[in-house]
Amino acid sequence: MEIATRYDPKECEERWYARWEESGAFTARPDSGKPPYTIVIPPPNVTGVLHSGHAMFVTLQDILVRWRRMQGYDALWLPGTDHAGIATQMVVSKELEKQGLSRQALGREKFIEKVWEWRGEKGGAILSQLRKLGASCDWTRTRFTLDPPLSNAVRTAFVRLYEEGLIYRGHYMINWCPSCGTALSDLEAEHEEKQGSLWHILYRLEGGALDEGLVVATTRPETLLGDTAVAVHPGDERYKKWIGKRVMVPVVNRLVPVVADQMIDREFGTGAVKITPAHDPNDFEAGKRHHLEEIAVIGHDGKMTSNAGPYAGQDRFAARKGIVKQLESEGLLVKIEPHKSSVAHCQRCHTIVEPAISNQWFLKIEPLAGPAIKAVESGEIKIIPDHWRKVYLNWMGDIHDWCISRQLWWGHRIPAWYCDSCGNGAGGEDPQRRMVSMKDLGSCPYCGGAVRRDPDVLDTWFSSQLWPFSTMGWPEKTADFERYYPTAVMETGYDILFFWVARMIMAGLKFTGKAPFKEVFLHGLVRDAKGRKMSKTLGNVVDPLDLIEQYGADAVRFTLAILCVPGTDVALDTKRMEGYRAFANKLWNAARYVMMQAGDREPEEPAKDDLGPWDLWILSEFEKTARSANEALEAFKFYEAADLLYHFTWHSFCDWYLEASKPAIQAGGNRAAAARWTLFKVLEGTLRLLHPIMPFVTEELWQKIAPRDGFIADAAYPSGKEGDYAAPGHLAVVMELVNKMRNVRAERGLSASAQLEAVVVPADDGLAKAVEGSKDEIRFLARLSSLSLASSLPDEQPWAKGVSGGCRFAMRAATAGETDAGRERQRLENDLKKVLADHAKFAAKLANPSFAERAPAEVVEKSRKLMEEYAKKAEDIRSAIQSLKD
RNA sequence: GGGCGGUUAGCUCAGCGGAAGAGCGCCUGCCUUACACGCAGGAUGCCACUGGUUCAAAUCCAGUACCGCCCACCA
């Protein structure tokens with residue numbers, strides 16, 4: 001059969017994916033009789049386009065799922081998308097603006113219609129992009145967070161939490177994004193350290209002299225318009241006499257009390273702090289303690305309110321400038337100090353977040369956090385790598401209530417109503433009179449009056465936290481829920497540990513009574529080749545689709561897998577990807593060679609006695625590799641599994657075995673038959689071992705090398721546990737001998753085609769047998785025209801001498817040829833030096849009496865052996881040098 | 001302020017108590033009939049620093065110095 005010398009990924013990827021999907025190879029089968037293995041996908045945003053983060057999780061999860069499927073599990077990898085409240089609303093709003101439409105002008109209903117339209121058109125894009133990577137998802141079970149059953153789950157969860165008093169509505173200070181026009185959770189407000197200023201401002205004493213007053217320090221002078229007190233520490237001697245007096249807030253000239261409060265840090269600034277209960281979380285609390293008025297001077301649009309006097313209507317930052325200027329001109333600005341402080345920004349639009357007081361819905365976290373902490377502490381849920389466990393516990397131990405309401409239109413609308421006639425409603429005057437309901441309310445159940453539904457929607461993550469079971473049909477006890485929940489593994493990036501993973505654990509325990517997964521594996525973030533974060537401004541963003549186009553999906557996957565070291569971010573280097581594209585090609589060509597030898601079907605199994613030392617060696621190496629690969633995957637060491645398989649395939653199988661098989665095949669007869677079978681057997685097994693990482697090329701080759709009914713995707717994953725083959729003794733020595741002979745050749749600049757004669761002197765009978773048994777292979781691998789065994793090295797020149805573990809040898813060019821005795825001696829002497837140094841190291845170790853006494857016997861034994869080996873080697877080299885002199 | 005990491009070959013990183021490793025890059029030869037996306041060979045390291053524990057430390061402990069990340073209501 002003729003096949004190309006190069007592997008062409010494009011040619012086969014789409015073809016195989018379509019066949020897998022059509023045949024239902026990825027569909028979970030509850031009736032299969034196999035044990036279930038479940039992973040739910042971290043649902044990408046419907047607005048999303050594939051980025052390297054997706055490529056990472058798809059690769060890792062697909063490796064796990066394919067591996068388990070091959071191991072005989074009924075594997076379910078459940079895909080889906082997230083409605084992604086703010087993100088989607090922003091994207092669609094922008095699209096509409098391009099068409100000259102505005103969200104406001106459309107109105108809520110029309111706008112939501114548009115979003116659904118938009119998601120109908122583009123929402124599937126991301127899922128087909130996952131297919132390009134080879135994702136073996138069960139597409140028959142695809143879910144969307146706004147599907148009716150999932151929305152029902154959200155509503156059920158909300159109503160239950162509300163009825164238990166864990167969800168409450170209240171008037172508190174929250175993070176407000178003036179640009180998105182909504183409240184945010186603490187996690188969605190990202191803090192950034194920025195160089196700013198600390199303004200020292202004089203607040204004059206009531207009835208005092210012009211320069212008499214308190215100097216306060218602030219980073220936000222524009223908020224002084226809303227000041228309702230100045231606070232000092234009760235123990236601060238400097239200010240004791242001021243407590244209870246009144247000072248004048250500049251610009252608005254309001255008299256406010258000086259209060260004493262423990263929260264004040266005497267060391268910071270001047271030790272006197274202006275209190276703005278409406279615009280600072282600390283001041284908000286202080287305001288409650290001291291019963292201060294809350295005067296909002298910055299509105300939800302980021303502009304100054306009517307309370308801001310002359311600054312009303314100005315942007316908050318323009319107002320800051322204006323106020324500083326005014327203070328300066330009035331002589332109230334004492335000094336400006338440079339000051340670093342962290343400023344919160346909106347995760348979505350990066351606008352500076354404004355602390356604001358507003359009516360919002362909150363989820364009481366503490367009662368949920370307790371069990372979630374316990375689940376991880378007890379090991380019921382294992383977090384890998386381990387250091388994230390500490391991070392998780394640290395965060396959970398100090399978690400605050402979660403603001404779950406958003407002033408958006410796209411999302412799950414909060415199921416709460418208000419009655420204008422009797423004033424009842426959720427969290428209203430009479431807390432007993434609840435108006436949060438599973439069924440939509442048409443009128444007030446208490447007075448029959450007209451009701452309004454709460455306009456807010458829920459934070460996207462509220463539905464995300466239910467994902468592992470809402471996707472299975474919860475709260476209904478569906479067959480899928482019973483069988484596939486809890487899931488096996490939650491695999492995702494560490495950046496959403498708090499956003500998602502922690503909340504899923506809390507919700508899972510709360511609603512299902514079970515941890516939603518047994519293991520959490522957190523992978524690193526994909527960065528550029530230099531380890532920098534990918535960003536549009538840096539221009540270092542790589543598009544996985546481009547990479548697939550350029551290198552093939554298998555190379556992309558292999559690269560991500562081998563770079564995935566737990567606990568480390570991934571520096572994605574396309575240079576490496578080139579290397580793994582070459583690897584796919586290597587595999588391709590190895591298969592080509594095997595097919596050239598074995599035809600296109602499985603050769604007949606030879607009698608065990610016919611297997612030669614090289615056959616046995618590669619077969620045992622294969623089993624060893626299979627065992628290690630399984631162990632590595634078990635421990636989520638993707639890099640180790642990939643690395644192992646790479647080395648086995650390239651170096652053990654291709655570099656050594658494939659070459660060594662050539663003389664055997666040439667010899668014909670039983671030897672050739674054994675080699676042909678071994679070639680086929682090991683290649684076939686290697687394809688299965690590699691399949692989870694490189695699904696496409698392995699399927700293509702697996703189908704090519706022999707007629708097949710099923711897919712490799714359904715074939716058994718080699719466990720290597722059979723232990724049928726043991727590596728023959730002394731083959732390592734033979735390999736070293738070949739290596740040393742090649743050294744001699746390279747040093748002399750002899751071309752590969754220059755045939756050399758060689759004489760080998762093995763140290764003992766065992767070695768002699770081994771060399772004798774691999775004579776053809778040694779001759780071929782070292783390119784010798786003849787090889788003979790002798791009991792001593794030839795004396796006469798121009799033989800080049802060499803030493804390998806256990807064997808001395810001599811070589812010379814069959815056709816005339818000279819040896820450079822000087823160079824050769826140099827080489828031998830260098831070798832000797834190294835060997836002596838190694839010998840000395842172990843000799844010293846063994847000479848230490850406490851070593852023999854305290855070290856475990858096997859370590860001592862090994863050291864002794866090594867020392868003896870070095871001693872012998874040194875002796876061999878010396879004699880070679882000697883013979884050179886003669 | 002609290003927490004978590006990192007410092008090993010020119011670069012990106014494995015190894016985490018018993019002979020210093022990989023990939024890429026570099027140097028020397030090779031179109032050897034599977035593959036030049038290839039073959040063979042080679043060079044390269046006070047394993048950040050300082051102490052300690054141990055028969056034995058890149059590996060464990062403590063401290064120091066840089067680098068990075070996360071959390072947090074220091075005005």
Side-chain angles (χ1 to χ4, degrees), chain A residues 3 5-7 173 186-187 191 198 216-220 223 231 263-265 267-270 272-276 280-286 339 341-342 344 355 385 387-388 390-391 393-395 398 400 494-495 497-498 525 529-531 551 555 562-563 565 567-573 575-576 578-597 637 639-640 643 646-647 654-655 658-659 662 739 742-753 780-783 838 841-842 845 848-856 858-860 862-863 866 870:
Chain A
I3 54 174
T5 59
R6 286 223 185 161
Y7 167 56
M173 179 151 285
D186 292 346
L187 284 176
H191 293 265
L198 196 56
V216 305
T218 180
T219 55
R220 301 198 56 196
T223 62
M263 87 172 181
I264 304 304
D265 175 0
E267 307 301 318
F268 188 88
T270 60
V273 179
K274 63 190 235 21
I275 300 296
T276 322
D280 180 275
N282 273 322
D283 295 4
F284 177 71
E285 295 300 327
H339 178 71
S341 64
S342 75
H387 75 259
W388 288 113
K390 295 181 220 163
V391 174
L393 291 172
N394 189 262
W395 186 72
D398 186 33
H400 298 344
Y494 64 74
D495 53 331
L497 173 61
F498 304 143
L525 269 28
K530 289 178 189 158
Y551 302 100
I562 206 163
L563 291 177
V565 174
T568 315
D569 282 346
V570 171
L572 188 59
D573 188 348
K575 272 281 189 201
R576 285 196 79 150
E578 270 173 36
Y580 300 121
R581 174 181 58 190
F583 178 59
N585 195 238
K586 187 79 181 172
L587 189 64
W588 179 266
N589 276 289
R592 223 162 63 89
Y593 169 77
V594 172
M595 288 172 69
M596 285 166 74
Q597 306 309 332
K637 293 181 177 172
Y639 69 101
E640 204 176 293
D643 189 58
Y646 179 90
H647 278 272
C654 291
D655 289 350
L658 235 66
E659 293 306 311
K662 289 174 183 176
N739 197 255
R742 284 167 168 171
N743 276 344
V744 170
R745 176 191 296 279
E747 262 160 33
R748 308 206 160 208
L750 294 163
S751 78
S753 52
F780 179 77
L781 294 169
R783 310 266 157 203
D838 285 333
K841 211 154 91 186
F842 285 95
K845 206 170 176 180
N848 185 345
S850 26
F851 174 69
E853 205 177 298
R854 313 282 279 269
E858 76 230 42
V859 173
V860 176
K862 197 176 164 196
S863 300
L866 283 165
Y870 285 127

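Just so it is clear: chains get the letters A, B, ... in the order the sequence lines come, proteins before strands, and each one is counted from 1. Keep in mind that what you see is a predicted model, and the values were worked out from it rather than measured.
With B/G23, B/C4, B/G38 as the choices, the nucleotide that has an atom nearest any side-chain atom of A/Ala582 turns out to be B/G38.
For A/His339, the ring pair (Phe, Tyr, Trp, His ring centres under 6.0 Å) criterion is met by A/Phe268, not counting sequence neighbours. Qualifying salt bridge (Lys or Arg N to Asp or Glu O under 4.0 Å) partners for A/Arg592, counting only residues two or more places apart in sequence or in other chains: none. Listed by chain and number, the residues in a side-chain hydrogen bond (donor to acceptor under 3.5 Å, both in side chains) with A/Tyr551 amount to none (sequence neighbours excluded). With sequence neighbours left out, the ring pair (Phe, Tyr, Trp, His ring centres under 6.0 Å) criterion links A/Phe842 to no other residue. Scanning for salt bridge (Lys or Arg N to Asp or Glu O under 4.0 Å) contacts around A/Asp186 gives an empty result, with sequence neighbours left out. Qualifying ring pair (Phe, Tyr, Trp, His ring centres under 6.0 Å) partners for A/His647, counting only residues two or more places apart in sequence or in other chains: A/His651. Applying the side-chain hydrogen bond (donor to acceptor under 3.5 Å, both in side chains) criterion to A/Glu659, with sequence neighbours excluded, gives A/Lys662. Residues satisfying the ring pair (Phe, Tyr, Trp, His ring centres under 6.0 Å) criterion with A/Tyr7, sequence neighbours excluded, are A/Trp588.
Contacts of A/Lys586 with the nucleic acid, taken as non-hydrogen atoms under 4.0 Å apart, include base atoms. Using a 4.0 Å heavy-atom distance criterion, A/Arg581 is classed as a base contact. Heavy atoms of A/Arg220 sit nowhere under 4.0 angstrom from any nucleic acid atom. Heavy atoms of A/Thr276 sit nowhere under 4.0 angstrom from any nucleic acid atom. When heavy atoms are screened at a 4.0 angstrom cut-off, A/Ala590 is found touching base atoms of the nucleic acid. Using a 4.0 Å heavy-atom cutoff across all strands shown, A/Asp655 reaches sugar-phosphate atoms only and no base atom.
A donor-acceptor contact under 3.5 angstrom links the side chains of A/Tyr494 and A/Asp569, judged on distance only.
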Please tabulate the protein-to-nucleotide N/O contacts below 3.5 Å involving nucleotides 14-16 of chain B, giving atom names and distances.
{"unit_1": "B/A14", "atom_1": "OP1", "unit_2": "A/Thr568", "atom_2": "OG1", "d": "2.4"}
{"unit_1": "B/G15", "atom_1": "OP1", "unit_2": "A/Tyr639", "atom_2": "OH", "d": "3.0"}

Using nucleotides 42-45 of chain B, report all nitrogen or oxygen pairs with the protein that are shorter than 3.5 Å.
{"unit_1": "B/G42", "atom_1": "OP1", "unit_2": "A/Asn743", "atom_2": "OD1", "d": "3.2"}

Short N/O separations, protein against nucleotides 54-60 of chain B, under 3.5 angstrom:
{"unit_1": "B/C55", "atom_1": "OP1", "unit_2": "A/Arg854", "atom_2": "NE", "d": "3.2"}
{"unit_1": "B/C55", "atom_1": "OP1", "unit_2": "A/Arg854", "atom_2": "NH1", "d": "2.8"}
{"unit_1": "B/C55", "atom_1": "OP1", "unit_2": "A/Arg854", "atom_2": "NH2", "d": "2.0"}
{"unit_1": "B/C55", "atom_1": "O2'", "unit_2": "A/Asn848", "atom_2": "ND2", "d": "2.9"}

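Taking atom CG of residue A/Asp573 and atom P of nucleotide B/C13, one finds them 10 Å apart after rounding to whole Å.
Taking a pair as Watson-Crick or G-U wobble with both distances under 3.5 Å, the runs of three or more consecutive pairs in RNA chain B are B:1-7 with B:65-71, B:10-13 with B:21-24, B:26-30 with B:38-42, B:48-52 with B:60-64.
Side-chain nitrogen and oxygen atoms of A/Lys575 include none within less than 4.0 Å of the OP1 or OP2 phosphate oxygen of B/C13.
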